Engineer: 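If you scroll down you'll find the structure; I have some questions about it.
Letters A, B, ... mirror the listed sequences (proteins, then strands); counts begin at 1. Computed from a predicted model, the values in this text were never measured in an experiment.
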Number of protein chains: 2
Amino acid sequence: MKEIPLLNNGSVSKPDLAKYEQKFKALADQQRLQIINILAVKESVCVCDLTPIIDMPQSKLSYHLKILLEADLIKKEKQGTWNYYSLNVSELKGLLSDQLCCVFLPSCC
Amino acid sequence: MKEIPLLNNGSVSKPDLAKYEQKFKALADQQRLQIINILAVKESVCVCDLTPIIDMPQSKLSYHLKILLEADLIKKEKQGTWNYYSLNVSELKGLLSDQLCCVFLPSCC
DNA sequence: TCCTAACATCAAAATTATTTGATGTAATTT
DNA sequence: AAATTACATCAAATAATTTTGATGTTAGGA
């Protein structure tokens, strides 16, 4: 055993860790990254526009959108029968490097 | 049904999506974020230094370190009996916003 | 050489997350 | 008012991840 370091649990608080965990979890899925990428290109899109593009049953798409929504990475706006989804760009920019913004939010570059 | 959009699967390639999925998955865990945060403070640390700090059985810690390692977020250097781990700072900076770098890699700020 | 410390790895169990298909609800159209 | 479209939600099935405890490996010390 080597010298015992002074106790230091790191400087990020527990609730912050939980918050970032949630956001990274939301990003940690190819299908959701693809959704983000599509929303970046198309600005604002309803679920019915999305299904034919990404080839996914509607309930599955709703599930993934909800995960992104709960992580506050996207926004939802109801307009009559349709639900329009769009990116929460400021939130994403606060999370991702400029380089990644270029990859996933092409409107950035 | 509204107008059918021109087909556009997003612009990020499949292998890239898989790569980012892996990296975000590695980040998507409080315990691993805590490890990153500790490595940021302590620069280079062996597993035996880490166990008492983060209160986790050794096999579990090894498991989480491996996930970070496979995502190329940390580096490992063997020195005799000890394995020293350190952050892959450039990789993390390519991933995280400046703001997040400040949170998790405090040496940044 | 034998013992121990510092790990990694493994298999089983436990926990979480995802997928699927069915059903529910509200708005719109006919 | 009935039918249809655009979703959300639910419960069950499946799959992936994490945790645990045991065992294996290697290097250094007695």
Engineer: Let me know the distance between OH of A/Tyr85 and P of D/dA6, rounded to the nearest Å.
Structural biologist: 15 Å

Engineer: Please determine whether a side-chain nitrogen of the Lys or Arg among A/Glu91 and A/Lys23 lies less than 4.0 Å from a carboxylate oxygen of the Asp or Glu.
Structural biologist: yes

Engineer: Using whole Å, report how far CZ of B/Phe24 lies from P of C/dA17.
Structural biologist: 18 Å

Engineer: With distance as the sole criterion, is a donor-acceptor pair present between the side chains of A/Gln99 and B/Lys93 under 3.5 Å?
Structural biologist: no

Engineer: OP1 or OP2 of D/dA6 less than 4.0 angstrom from a side-chain nitrogen or oxygen of A/Asn83, does that happen here?
Structural biologist: no

Engineer: Using whole Å, what does the distance between atom P of nucleotide C/dT9 and atom CG of B/Leu61 come to?
Structural biologist: 13 Å

Engineer: Respond yes when some side-chain nitrogen or oxygen of A/Tyr84 is under 4.0 Å from OP1 or OP2 of D/dC7, and no when none is.
Structural biologist: no

Engineer: Think A/Lys76 has a side-chain N or O under 4.0 angstrom from the OP1 or OP2 of D/dA8?
Structural biologist: yes

Engineer: Nearest whole angstrom, please: distance from the C1' of C/dA6 to the CD of B/Glu77.
Structural biologist: 16 Å

Engineer: Measure CG/A/Asp55 against P/C/dT19 and give the value in whole Å, please.
Structural biologist: 12 Å

Engineer: From CG of A/Leu65 over to P of D/dT9, roughly how many Å is that when rounded to an integer?
Structural biologist: 12 Å

Engineer: Taking A/Gln31 for its side chain and A/Lys60 for its backbone only, find out whether a donor-acceptor pair lies under 3.5 Å.
Structural biologist: no

Engineer: Taking all heavy atoms of B/Asn88 and all of B/Asp72, pick out the closest pair and write down the distance.
Structural biologist: ND2-O, 3.0 Å

Engineer: I want to verify a distance call: between D/dT5, D/dA8, C/dC7, whose nearest atom is closest to the B/Trp82 side chain?
Structural biologist: C/dC7

Engineer: Report yes or no: is the SG-SG distance between B/Cys108 and B/Cys102 under 2.5 Å?
Structural biologist: no

Engineer: Atom CG of A/Asp49 to atom P of D/dA6: distance rounded to whole Å?
Structural biologist: 9 Å

Engineer: Considering only heavy atoms from C-beta outward, does the side chain of B/Leu96 approach that of A/Leu95 to under 4.5 Å?
Structural biologist: no

Engineer: When the distance from CG of B/Leu50 to P of C/dA8 is rounded to whole Å, what number comes out?
Structural biologist: 11 Å

Engineer: Just by protein heavy atoms under 4.0 Å, how would nucleotides 10-23 of chain D read 5' to 3' in B, S and -?
Structural biologist: -------SBBBBB-

Engineer: For B/Phe104 versus B/Asn37, what's the shortest heavy-atom pair and its separation?
Structural biologist: O-ND2, 3.3 Å

